Amino acid sequence: MTSLLTLPSTFSRLNLVPKSLIIIPFAFKSLNLLKSHKQQRARSLNSPRLSSLNSLTTHFSTSRSSVSPKPFHDDLVVLGIETSCDDTAAAVVRGNGEILSQVVSSQADLLARYGGVAPKMAEEAHSQVIDQVVQEALDKAGLTGRDLSAVAVTIGPGLSLCLRVGVQKARRVAGSFNLPIISVHHMEAHALVARLIEKELQFPFMALLISGGHNLLVLAHDLGQYTQLGTTIDDAIGEAFDKTAKWLGLDMRKSGGPAVEQLAREGDAESVRFSTPMKQHKDCNFSYAGLKTQVRLAIASRNIDAKVPISCASRQDRSSRADIAASFQRVAVLHLEERCERAIKWALKIEPSIKHLVVSGGVASNQYVRARLDQIVKKYSLQLVCPPPKLCTDNGVMIAWTGIENFRVGRYDPPPPANDPEDFMYDLRPRWPLGEEYAAGRSEARSLRRARVHPSLTSLVQASLQQQ
């Protein structure tokens, strides 16, 4: 049966359809290259194209020059909203990369209380502070909603309950001020924020995205077009850091990663002989479940009681905990090094012109991770690009900047109504792959992780291009 291609609104909710149907939930609107963005906005919002989704056509170029910063977009001002997991964040960013404001409300106390993210509790925490966070971002920028060009918001991947809070707020702001709305892929935002910091970073480039919920190696060919070289088959490295911190009785209020990194400086990284995961698998995928089990066994063998906080531990007990932390960190990062090195070799075969490896996500704040990966990239004459720590963890700046990049090429939705009906079905994508898997990188061990709720961002962009 010939595949049927349909083109509803940009990120509209997918329906359950036969596999023979290819749903393309993108409507990429063309941008007129006007001298003033405010003139552009006034014209586009009154355009029949934005009021009639069925008549939309695609008119943007996919050349690499099309996603480079352009002077006439400097007056863009975008509000970015991020609530995919446990931080409520908002920021205002100009088209030239100037960060006008950045506000993050942490759920550190909840993390410490529950030893991790509790989705329902996280949703309630987001709901309590989202209005305040967005307003503070606008106030710090010295702006009101009327001064904005568009609103960008994370729609996935992430926790559905948490994503909904941010999407609802973004739609209220956009609807109240008649602003276009830009739906953002959380992992693409982690990769692209490096382009805000490193102006020389051009496509194609490699990216390692590492956080509590994600381990992802991708080759970024262009905006919205990625090849997935490797991902986790079970747990992400950030999850392993968090669990290790919890089992060692560390202070979780600043999350587990920084706590383990700090304690590891006191320990002997060779004292506990943990085995490196997946040595027998010659691909670029990750696994941290087995290493977590090794850590638990090591803690049990040394009679370490997690109920006794590290601050109350004896000198010998603290030394034992530090040795485990250091040994765990060494092997966890060694696993990253091995997979990254193989991925670099693959990427250079596909795109010989790559010059950069971007490392982003919460775990990219770890200085040991940065130092070790810097040694790897230098072997291949590449440059390591790591955003500053405040832009590695979840933040509104990366969402606003990714919104700007997408807005430049015409990927946005028209203003939503001022008030959505009570039964409105929000487009949330808790499982949303960024790119298509590289054939050599497919893992038979991924089982349930291979289940997809939505087509990848890359497949959607590529399918839309075929409509031209």
Side-chain angles (χ1 to χ4, degrees), residues 31 36-42 44-45 69-84 87-106 126 129-155 163 165-186 188-199 360 387-409 411-416 418:
L31 295 179
S36 167
H37 173 68
K38 291 187 177 180
Q39 292 175 3
Q40 174 197 55
R41 176 180 155 200
S44 63
L45 294 182
K70 296 182 173 64
F72 51 77
H73 287 301
D74 283 359
D75 60 347
L76 279 174
V77 181
V78 174
L79 168 68
I81 298 175
E82 157 63 27
T83 61
S84 65
D87 285 331
T88 312
V92 180
V93 179
R94 287 195 185 277
N96 62 1
E98 181 185 0
I99 300 172
L100 300 180
S101 66
Q102 180 180 5
V103 179
V104 179
S105 176
S106 173
H126 283 306
V129 301
I130 186 66
D131 290 340
Q132 176 185 341
V133 166
V134 170
Q135 188 58 52
E136 186 176 346
L138 290 171
D139 291 344
K140 285 187 174 182
L143 303 173
T144 69
R146 294 180 179 83
D147 301 308
L148 299 174
S149 307
V151 179
V153 62
T154 305
I155 68 166
L163 290 166
V165 177
V167 170
Q168 286 176 332
K169 179 61 178 179
R171 289 180 63 86
R172 286 198 301 271
V173 174
S176 298
F177 297 98
N178 201 34
L179 299 170
I181 190 165
I182 310 159
S183 299
V184 172
H185 191 295
H186 181 81
E188 182 177 42
H190 272 305
L192 294 185
V193 73
R195 281 167 52 87
L196 182 153
I197 302 303
E198 179 55 64
K199 301 302 182 183
S360 189
K390 68 178 181 180
L391 296 183
C392 282
T393 53
D394 292 351
N395 62 87
V397 171
M398 70 181 195
I399 305 305
W401 177 252
T402 303
I404 288 169
E405 293 234 30
N406 280 281
F407 195 94
R408 285 171 172 165
V409 296
R411 301 176 192 174
Y412 59 87
D413 266 344

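Source: prediction; values computed, not measured.
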Discussion item. Taking salt bridge (Lys or Arg N to Asp or Glu O under 4.0 Å) as the definition, give me every residue that meets it alongside Glu198, ordered by chain and number, with sequence neighbours left out.
Written reply: none
Fill in: Minimum side-chain heavy-atom gap Ser149-Phe407 below 4.5 Å
no
Fill in: Contact check, side chains of Val184 and Ile155, non-hydrogen atoms, under 4.5 Å
no
Worksheet item: What heavy-atom pair brings Arg94 and Trp401 nearest, and what distance separates the two atoms?
Response: O-CZ3, 4.2 Å
Worksheet item: Which distance, rounded to the nearest 0.5 Å, do you find between the CD1 of Ile182 and the OH of Tyr412?
Response: 9.0 Å
Discussion item. So, using side chain to side chain contact (heavy atoms under 4.5 Å, CB included) as the criterion, who are the partners of Leu163 when residues are at least two apart?
Written reply: Ser84, Thr154, Leu428
Worksheet item: Once you round to the nearest 0.5 Å, how far does CG of Leu76 lie from CZ of Arg408?
Response: 7.0 Å
Worksheet entry | Min side-chain heavy-atom separation Asp87-Ser105 under 4.5 Å | no
Fill in: Residues Val153, Leu79; criterion side chain to side chain contact (heavy atoms under 4.5 Å, CB included); working and verdict
CA-CA 8 Å; Val153 62; Leu79 168 68; over 6 Å; no
Fill in: Spacing of His186 atom NE2 and Met398 atom CE [to the nearest 0.5 Å]
4.0 Å
Worksheet entry | Point-to-point distance, once rounded to the nearest 0.5 Å, from CG of Leu138 to CG of Leu148 | 5.5 Å
Practice prompt. Please report the shortest heavy-atom distance between Ala189 and Ile399, naming the atom on each side.
Written response: CB-CD1, 3.7 Å
Worksheet item: Which atoms form the tightest heavy-atom contact between Ala91 and Val397, and what is the distance?
Response: CB-N, 3.4 Å
Response to the item:
Residue set satisfying side chain to side chain contact (heavy atoms under 4.5 Å, CB included) with Ala174, at least two apart, ordered chain then number -> Val151, Leu179, Ile181, Pro416
Worksheet item: Is there side-chain contact between Val93 and Val77, with at least one heavy-atom pair below 4.5 Å?
Response: no
Item to complete: Using the test side-chain hydrogen bond (donor to acceptor under 3.5 Å, both in side chains), find all partners of Thr88 that sit at least two apart in sequence or belong to another chain.
Response: His126
Practice prompt. Can you sort out the partners of Asp139 under salt bridge (Lys or Arg N to Asp or Glu O under 4.0 Å), two or more places apart, ordered by chain and number?
Written response: none
Discussion item. Using every non-hydrogen atom in the two residues, find where Glu82 and Asn395 come nearest and quote the distance to one decimal.
Written reply: CB-O, 3.8 Å
Worksheet item: So, Arg171 and Asp413, do they make that salt bridge, N to O below 4.0 Å?
Response: no
Discussion item. Nearest 0.5 angstrom please: Ile99 CD1 to Asn96 CG, how far?
Written reply: 10.5 Å
Worksheet item: Does the Ser101 side chain pair with the main chain of Lys140, one donor and one acceptor, at a distance under 3.5 Å?
Response: no
Worksheet item: Side chains of Gln102 and Leu391: does their closest heavy-atom pair fall under 4.5 Å?
Response: yes
Fill in: Partners passing side-chain hydrogen bond (donor to acceptor under 3.5 Å, both in side chains) against Lys390 (at least two apart in sequence or in another chain)
none
Worksheet entry | Rounded distance [0.5 Å steps], OG1 in Thr402 versus CD1 in Ile404 | 9.0 Å
Practice prompt. Identify, with sequence neighbours excluded, every residue that meets side-chain hydrogen bond (donor to acceptor under 3.5 Å, both in side chains) alongside Gln132.
Written response: none
Worksheet, complete the sentence: Residues passing the side chain to side chain contact (heavy atoms under 4.5 Å, CB included) test with Thr144, sequence neighbours excluded, are Arg146, Asp147
Worksheet entry | side chain to side chain contact (heavy atoms under 4.5 Å, CB included) against Ser360, all qualifying residues, sequence neighbours excluded | His190, Val193, Leu209, Val358, Pro387
